[in-house]
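What follows is a short report on a single structure.
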Amino acid sequence: MFDGSLMRLLGIETSCDETAAAVVDAARGGLLVRANVVLSQIPLHAATGGVVPEVAAREHCVHIAPVVQRALRQAHATPRSISALAVTAGPGLMTSLTVGVEAARTLAYLWKKPLIPVNHIEGHVAGALLQNPAVRYPALALVVSGGHTELLLMAQEGWYRCIGRTLDDAAGEAFDKVAKLLRLPYPGGPAIAELAERGKTDAYTLPRPMLDRTHFDFSFAGIKTAALYLVQGIPGRARRRIRRADLAASFQQAVIDVLVGKTIRAARQYGAKSVMLAGGVAANGELRTQLQAAVEQALPHTKYFQPALAYCTDNAAMIAARGAQLFALKKHWPWQRVHADPNWEMW
Ligand code: KG4
Ligand code: ZN
């Protein structure tokens, strides 16, 4: 995809509660992350049990310039050496997106550089390939984050078709909501995963919604409601004491069974030569292990990719990586034409 010349991308990501900037070099040999700075607002949002958009945006305003400066410094990069800027333009929280987009527009104007608006979900997929560029197509990506759960079919690099998505909660959202039920700290995903290590996955019977359907859409609200009834009791019936670690493990396994089952079936149906995992929930150790094992067992001729942990949850290296692909396709714009779009869906 890239010709011999070196492209250097400055990536900026502020779609939710991470202020991030990265410098990525792209050449024929692949992508090299020179700097990947992520300033997480987790401690701030833990106090409210979730992201308050106004608070997140205010924090992005305070930190965006120092974070960009730190990324440039770590990469020993000058503005002159940057070929283009890539910024998350959507989907995400409007107030958060705006901070990153306006910072990128300002720098593009001052430095006279082209600007590339990047779709956040496409960024997650590019993040899965940062260290593993040797994808064979057609490829199937399972994108699981706090806001999205999607199965994307890629006929070739950068060309996506959504073949399944969640009809209600995203996988990460379900983790976060069940964590709240169990009085675990925000964000819920890592907290559930840690607690689940001490629990039994078959201790509670939870549904596997739509696993046996022929389509590839997901639904996680039913698993969450079943967990709610276990914790709060079913109205009119005697309440049982629950073991939190067992519920965490049973819940996590129910979500993984659905994700793995549908991904394997879709990969088989569409003849995928590669399967990749992406998004914040891709940091889940059990999901990583079980999806990899399932692909290796059920589809021995299919390659499996998953991002390093640093490229699972929101970061700007993945945005710069997608920006590099788009830059090579000449999909960049003057700064005046780039705007935040909180509802940007590509498919
Ligand atoms: O991709 P991401 O950083 O932000 C969005 O684009 O939404 O994903 C955040 C989501 C949160 O719901 C968080 O609970 C979940 O990813 N998450 C995990 C783990 N680490 C983060 N879920 C399960 N297990 C984990 N280890
Ligand atoms: Zn994300």
Side-chain angles (χ1 to χ4, degrees), residues 15-20 38-53 55-56 59 93 96 124 127 142-149 166 168-208 218 220-233 240-260 277-291 306-315:
S15 67
C16 188
D17 59 343
E18 261 92 29
T19 317
V38 181
L39 193 97
S40 172
Q41 301 176 2
I42 283 176
L44 186 72
H45 299 301
T48 44
V51 179
V52 178
V55 176
E59 282 296 294
L93 300 172
S96 288
H124 272 302
L142 171 65
V143 185
V144 270
S145 72
H148 290 264
T149 303
T166 181
D168 41 56
D169 293 345
E173 190 180 355
F175 268 93
D176 294 339
K177 287 178 176 169
V178 170
K180 251 190 186 172
L181 273 179
L182 294 175
R183 296 187 308 281
L184 292 168
Y186 171 85
I192 291 220
E194 196 187 328
L195 186 59
E197 282 174 22
R198 287 178 272 130
K200 290 206 271 311
T201 53
D202 58 355
Y204 297 106
T205 309
L206 293 171
R208 270 64 173 160
F218 299 92
F220 295 106
I223 310 181
K224 181 195 67 190
T225 306
L228 175 80
Y229 282 149
L230 283 167
V231 175
Q232 297 188 350
R240 285 196 299 158
R241 270 182 69 85
I242 57 134
R243 244 199 108 233
R244 291 163 78 243
D246 284 346
L247 183 53
S250 303
F251 163 77
Q252 178 175 268
Q253 192 56 49
V255 173
I256 291 174
D257 283 350
V258 175
L259 293 174
V260 171
L277 177 64
V281 184
N284 185 278
E286 275 301 317
L287 175 60
R288 294 168 80 85
T289 309
Q290 293 187 33
L291 183 57
Q306 56 192 8
L309 290 181
Y311 304 133
C312 290
T313 46
D314 291 348
N315 64 88

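Predicted, not measured: the structure shown is a model, and the values here were computed from it.
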Do [X] and [Y] come close enough that some side-chain heavy atom pair is under 4.5 Å?
| X | Y | answer |
| --- | --- | --- |
| Leu291 | Leu259 | no |
| Leu247 | Leu181 | no |
| Leu287 | Val144 | yes |
| Leu195 | Leu184 | yes |

Per-pair distances, 0.1 Å, donor-acceptor, side chain in residues 44-51, under 3.5 Å, sequence neighbours excluded:
unit_1: His45; atom_1: NE2; unit_2: Gln41; atom_2: OE1; d: 2.7
unit_1: Thr48; atom_1: OG1; unit_2: His45; atom_2: O; d: 3.2
unit_1: Thr48; atom_1: OG1; unit_2: Gly50; atom_2: O; d: 2.9

Under the 3.5 angstrom rule, does the side chain of [X] hit a backbone N or O of [Y] as a donor-acceptor pair?
| X | Y | result |
| --- | --- | --- |
| Ser96 | Cys16 | yes |
| Arg288 | Pro307 | yes |
| Asp202 | Lys200 | no |
| Asp168 | Phe220 | yes |
| Ser145 | Gly280 | no |

Shortest non-hydrogen separation from [X] to [Y] and the atoms involved:
| X | Y | answer |
| --- | --- | --- |
| Pro43 | Ser40 | CD-O, 4.0 Å |
| Ala249 | Gly199 | CB-C, 3.6 Å |
| Leu277 | Ala282 | CG-CB, 3.6 Å |
| Ile223 | Pro207 | CG1-O, 3.6 Å |
| Ala179 | Gly188 | CB-CA, 3.3 Å |

Just how far is it from atom [atom1] of [X] to atom [atom2] of [Y], taken to the nearest 0.5 Å?
| X | Y | atom1 | atom2 | value |
| --- | --- | --- | --- | --- |
| Leu93 | Ser15 | CG | OG | 7.5 Å |
| Leu230 | Thr225 | CG | OG1 | 11.0 Å |
| His124 | Leu142 | NE2 | CG | 12.0 Å |

Taking atom types as modelled and ignoring hydrogens, do the side chains of Gln253 and Gln290 form a donor-acceptor contact shorter than 3.5 angstrom?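 Short answer, yes.
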If a pair satisfies side-chain hydrogen bond (donor to acceptor under 3.5 Å, both in side chains) and one of its residues is in residues 242-252, list it, with sequence neighbours excluded. Arg243-Asp246, Gln252-Asn284
side-chain hydrogen bond (donor to acceptor under 3.5 Å, both in side chains) pairs, two or more places apart, involving residues 173-199: Asp17-Tyr186, Asp169-Lys177, Glu173-Lys177
Tyr204-Phe251 aromatic ring centre distance below 6.0 Å: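 Ring-ring flag for Tyr204/Phe251: false, centres at least 6.0 Å apart.
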